[in-house]
Number of protein chains: 2
Amino acid sequence: MILEEFLPYRLNVLAGLTSSALAQIYAERFGLSIPAWRIIVTLGQYELRTARDMAPDGVMHKSTVSRAVSALEKRGLIVRRPNLDDRREEWLALTPAGRAIYEAVAPEALAVEERLLSALTPQEQQAFTVLIDKLTRQARLLAPRSVEEDDA
Amino acid sequence: MILEEFLPYRLNVLAGLTSSALAQIYAERFGLSIPAWRIIVTLGQYELRTARDMAPDGVMHKSTVSRAVSALEKRGLIVRRPNLDDRREEWLALTPAGRAIYEAVAPEALAVEERLLSALTPQEQQAFTVLIDKLTRQARLLAPRSVEEDDA
DNA sequence: CGCCAATCGTTGCACGGGCAACCAATAGCA
DNA sequence: TGCTATTGGTTGCCCGTGCAACGATTGGCG
């Protein structure tokens with residue numbers, strides 16, 4: 001067994017490197033953690049969501065989301081509004097300041113993705129996307145019930 | 001910008017899922033952390049290495065390696081021997097108990113990899129490997145000097 | 001030889017995040 | 001209506017790990 005050829009190892013290494021590359025933007029320049037970054041992007045995309053929606057497939061633990069939301073609120077980047085139809089949950093939305101950050105950070109993040117993908121031809125990029133999807137579906141089957149799902 | 005289509009995000013999700021799948025083996029069944037697991041595998045492969053060799057491309061921080069080595073030694077899975085030619089570093093090697101774990105865990109880990117890859121055709125597997133390599137090389141260029149490298 | 005720089009490894013500190021227990025609110029159902 | 005189960009979210013606790021500073025050893029070079 002050769003670690004350097006082991007798929008999960010290589011995926012971890014690659015994911016770590018890309019995260020590092022990205023962190024130069026959202027962390028060093030905007031002081032965002034990974035969870036905060038994901039929340040900003042999601043709200044930039046969907047306008048109005050609940051905390052639960054921030055981790056669609058259980059990618060983040062709900063406690064992680066909770067704390068990131070608190071931090072973002074404290075910094076004035078997002079606001080919480082009660083959902084009167086179901087007072088257990090709250091609506092989240094970007095403030096103008098939050099949206100400003102989103103609009104500053106998103107293009108740069110996409111540029112990093114671009115630079116990454118520039119190592120591949122368009123055909124390869126397409127193929128890679130397809131393969132990642134297949135593997136992700138398969139991994140979901142093999143992984144223990146993704147985060148929570150069995151909360152109670 | 002759509003998070004679910006963002007390459008670094010997808011890589012993180014996939015890496016996380018595969019890690020989870022693997023952790024069912026090395027963590028739940030053998031009580032190994034990721035760093036410990038990597039050390040066991042590396043020593044199973046190379047027989048005799050130093051702590052520094054455990055993180056070839058700076059994938060793990062040296063403090064992480066140091067603590068994992070201590071833990072493995074305490075559990076009697078590896079031994080340290082002084083290198084008399086350079087007393088700053090130490091040789092690491094598996095004990096019989098450590099090798100037993102390696103030999104129990106490696107086939108199962110490979111089986112998980114197998115199940116993962118079974119979602120792809122052999123041609124796709126080959127292609128995926130090549131693409132990962134290309135992206136990893138590129139990511140290394142974009143990421144801030146990998147862990148340490150600039151230690152002093 | 002003697003000094004400074006570089007290298008291997010350890011450790012104190014702080015922080016992020018997982019886990020589990022918990023509260024509040026709603027849903028299901030008799 | 002009332003009782004229990006479920007769900008959204010928060011928080012205390014603990015562990016893993018990155019960072020930076022350090023001790024010990026070696027290398028480079030005058």
Side-chain angles (χ1 to χ4, degrees), chain A residues 12 16-17 19-20 23-24 26-28 31-39 48-56 58-74 78-92 143-152, chain B residues 12 16-17 19-20 23-24 26-28 31-39 48-56 58-74 78-92 143-152:
Chain A
N12 265 302
L17 287 171
S19 286
S20 284
Q24 290 179 296
Y26 62 66
E28 296 177 15
L32 298 177
S33 64
I34 295 187
W37 146 259
R38 287 176 175 170
I39 290 170
L48 208 63
R49 300 266 93 174
T50 74
R52 206 180 91 274
D53 300 325
M54 296 301 131
V59 171
M60 295 188 285
H61 195 92
K62 59 182 182 176
S63 63
T64 302
V65 175
S66 172
R67 283 187 266 247
V69 165
S70 296
L72 286 171
E73 186 191 27
K74 200 165 302 174
I78 67 176
V79 286
R80 328 160 91 128
R81 259 183 293 171
N83 174 5
L84 298 181
D85 292 343
D86 184 343
R87 276 153 38 221
R88 287 174 299 186
E89 64 184 20
E90 295 172 306
W91 293 115
L92 304 177
R145 322 165 68 76
S146 48
V147 183
E148 44 190 308
E149 166 72 29
D150 50 358
D151 184 49
Chain B
N12 265 301
L17 286 171
S19 285
S20 283
Q24 290 179 295
Y26 62 66
E28 295 176 17
L32 299 176
S33 64
I34 295 187
W37 146 259
R38 288 176 175 170
I39 290 169
L48 207 62
R49 300 266 95 173
T50 73
R52 207 180 90 275
D53 300 325
M54 296 300 131
V59 171
M60 294 189 285
H61 195 92
K62 59 180 181 177
S63 63
T64 303
V65 174
S66 172
R67 283 187 267 250
V69 165
S70 296
L72 286 171
E73 186 192 27
K74 199 166 301 174
I78 68 177
V79 285
R80 327 161 92 128
R81 260 183 291 171
N83 174 4
L84 298 181
D85 293 341
D86 185 343
R87 283 164 23 231
R88 286 173 301 185
E89 64 184 17
E90 294 172 307
W91 293 115
L92 305 176
R145 322 163 71 75
S146 48
V147 184
E148 43 191 309
E149 167 73 26
D150 51 358
D151 186 49

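Sequence lines set the chain letters: A, B, ... in the order given, protein chains first and strands last, and positions in each chain run from 1. Please read all numbers here as calculations on a predicted model, not as lab measurements.
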* Please give, in whole Å, the distance from D:dT7 P to A:R87 CZ? -> 20 Å
* To do: For B:R52 and for A:N83, find the nucleotide of DNA chain C with the closest heavy atom, then tell me which residue's nucleotide is more 5'.
  => B:R52
* Which residue lies more 5' along DNA chain C, comparing A:D86 with A:S33 via nearest heavy atoms -> A:S33
* Check B:E28 against B:Q24 and note the closest heavy-atom contact, atom names and distance. => CB-O, 3.5 Å
* Short side-chain to backbone donor-acceptor contact, B:S20 and B:G16, under 3.5 Å -> yes
* **Closest listed nucleotide, where the reference is the side chain of B:S63 and the choices are D:dG9, C:dG17, D:dC19** => D:dC19
* **Whole-Å distance separating the OH atom of B:Y26 from the C1' atom of D:dG16** => 13 Å
* Structure fact -> The nucleotide from C:dG9, D:dG9, C:dC8 with an atom nearest the side chain of B:R88 is C:dC8
* **Rounded distance (Å) that lies between atom C1' of D:dG9 and atom CD1 of A:I78** => 13 Å
* Specify the separation, in whole Å, of atom CD of A:E90 and atom C1' of C:dT26. => 15 Å
* Short side-chain N/O contact from A:T64 to OP1 or OP2 of C:dG17, under 4.0 Å -> no
* Asked: Between D:dG8 atom C1' and A:M54 atom CE, what is the distance in whole Å?
  -> 13 Å
* Asked: Quick one: does B:R67 reach the base of C:dG12 with a side-chain donor-acceptor pair under 3.5 Å?
  -> yes
* Structure fact -> To the nearest angstrom, the CD1-P distance between B:I34 and C:dG18 comes to 12 Å
* Under 4.0 Å between any heavy atoms, over every strand shown, what does A:S70 touch: base, sugar-phosphate, or nothing? Just pick one. => nothing
* Name the closest nucleotide to the B:H61 side chain, picking from D:dG8, C:dT11, D:dG18. => D:dG18
* Side-chain ion pair, A:E73 and A:R80, N-O less than 4.0 Å -> yes
* Asked: Taking all atoms of both residues into account, what is the closest heavy-atom pair of B:A68 and B:A36, and its distance?
  -> CB-N, 4.1 Å
* In whole angstrom, give the distance that lies between atom CG of B:D53 and atom P of C:dT7. => 15 Å
* Asked: Do A:N83 and A:T50 meet the criterion of a side-chain donor-acceptor pair at a distance under 3.5 Å?
  -> no
* Among the nucleotides D:dG9, C:dT10, D:dT11, which one has an atom lying closest to any side-chain atom of B:R80? -> C:dT10
* Figure out the CG/P separation between B:L72 and D:dG16, and round it to whole Å. => 12 Å
